[in-house]
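Atom set for the values below is all heavy atoms of this structure, side chains included, hydrogens, waters and symmetry mates excluded. Every value quoted in this text rests on a predicted model; they were computed, and no experiment measured them.
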Amino acid sequence: IGGAALKNPPQIESIRALSEEEVLVRVLMKVDVDYSINFDWDDYAEYEDVRELLGSCDESFLFTSLSGKETITLEFDLIIHRITKEIITYELSLIEGPSASLFLR
């Protein structure tokens, strides 16, 4: 990944008390991501995903790359201490892009 930047401020999706001391906060963030992916012939021969992405190739090649910019959505679950407001723990629960979603829960 070449770089990433928040598209908008994070959005709070939900807040739920877990105990007297802990709160679960679900946060969504939209992020603009610049990417560059490099491939060689061995990658093409070994991985079906690479062949699907690049399409049919009749001749071997030394190197090729794809690059671009996409907006993705990240969803985090944060457990926050009610009094200190410190993040106790966090977990990435969703990565969503223009053509696929990955649920990590």
Side-chain angles (χ1 to χ4, degrees):
I1 296 176
L6 279 176
K7 190 169 180 135
N8 298 307
Q11 176 183 348
I12 296 175
E13 284 292 295
S14 64
I15 300 174
R16 184 177 55 135
L18 297 177
S19 69
E20 288 188 25
E21 295 179 352
E22 297 178 346
V23 176
L24 173 65
V25 179
R26 181 160 291 152
V27 178
L28 281 179
M29 290 188 282
K30 294 210 181 278
V31 181
D32 287 331
V33 178
D34 293 316
Y35 65 88
S36 178
I37 306 169
N38 302 317
F39 306 100
D40 62 18
W41 180 254
D42 291 338
D43 295 328
Y44 183 84
E46 186 172 344
Y47 300 106
E48 183 179 345
D49 291 344
V50 174
R51 292 190 297 275
E52 287 178 14
L53 186 61
L54 296 179
S56 177
C57 294
D58 295 331
E59 296 181 25
S60 65
F61 54 87
L62 292 176
F63 174 85
T64 190
S65 66
L66 298 172
S67 61
K69 185 175 188 175
E70 296 290 346
T71 299
I72 64 170
T73 300
L74 303 175
E75 181 180 85
F76 288 90
D77 290 332
L78 311 172
I79 297 179
I80 299 175
H81 193 278
R82 281 183 183 224
I83 296 169
T84 65
K85 309 299 188 227
E86 287 184 37
I87 296 173
I88 297 167
T89 187
Y90 64 91
E91 182 177 80
L92 178 61
S93 54
L94 170 69
I95 303 171
E96 185 173 60
S99 60
S101 296
L102 178 61
F103 294 92
L104 305 169
R105 284 188 211 131

Original post:
How does the hydrophobic cluster around I83 look, that is, which other residues are in it when side-chain heavy atoms under 4.5 Å mark a link?
Top reply: none

**OP:** Taking S93 for its side chain and E75 for its backbone only, find out whether a donor-acceptor pair lies under 3.5 Å.
**Re:** yes

**OP:** With rounding to the nearest 0.5 Å, note down the distance linking CG in D77 to CD1 in I79.
**Re:** 8.0 Å

Subject >> Same cluster (ILVMFWY, side-chain, under 4.5 Å), V25 and I88 >> reply: no

**OP:** State plainly whether one hydrophobic cluster holds both L102 and V27, where clusters connect Ile, Leu, Val, Met, Phe, Trp and Tyr through side-chain heavy atoms under 4.5 angstrom apart.
**Re:** yes

Pair up each side-chain donor or acceptor in residues 49-62 with any protein partner under 3.5 Å, not counting sequence neighbours, and list the distances.
unit_1: R51; atom_1: NH1; unit_2: Y44; atom_2: O; d: 3.0
unit_1: R51; atom_1: NH1; unit_2: A45; atom_2: O; d: 2.9

Original post:
Under the side chain to side chain donor-acceptor pair (under 3.5 Å) rule, what pairs show up with a residue in residues 13-24, not counting sequence neighbours?
Top reply: Q11-E13

**OP:** Tell me, please, which residues at least two apart from S101 pass side chain to side chain donor-acceptor pair (under 3.5 Å).
**Re:** E96

Original post:
About how many Å separate CG of L94 and CG of L104, when rounded to the nearest 0.5 Å?
Top reply: 7.0 Å

**OP:** Taking all non-hydrogen atoms of both residues into account, name the closest pair between I80 and I87 and its distance.
**Re:** CG1-CG1, 4.2 Å

Original post:
What do you reckon, is CD1 of I37 surrounded by more than 12 foreign heavy atoms closer than 6.0 Å?
Top reply: yes

Original post:
Which residues pass the side chain to side chain donor-acceptor pair (under 3.5 Å) test with D40, sequence neighbours left out?
Top reply: none

Original post:
Which other residues belong to the hydrophobic cluster containing L28, where Ile, Leu, Val, Met, Phe, Trp and Tyr are joined when side-chain heavy atoms lie under 4.5 Å apart, directly or via other members?
Top reply: none

Original post:
Is there a chain of hydrophobic side chains (I, L, V, M, F, W, Y, each step under 4.5 Å between heavy atoms) that links L18 to L78?
Top reply: no

Subject >> ring-ring contact (aromatic ring centres under 6.0 Å, His included) contacts in which one or both residues fall within residues 65-94, not counting sequence neighbours >> reply: none

**OP:** Measure the shortest side-chain to side-chain distance between V31 and T71 over non-hydrogen atoms and say whether it is less than 4.5 angstrom.
**Re:** no

**OP:** Not counting sequence neighbours, which residues clear side chain to side chain contact (heavy atoms under 4.5 Å, CB included) with S65? List them please.
**Re:** N38, F63

Original post:
Can you name the side chain to side chain contact (heavy atoms under 4.5 Å, CB included) partners of K69, sequence neighbours left out?
Top reply: D32, D34

Subject >> Set of side chain to side chain donor-acceptor pair (under 3.5 Å) partners for E70, sequence neighbours left out >> reply: none

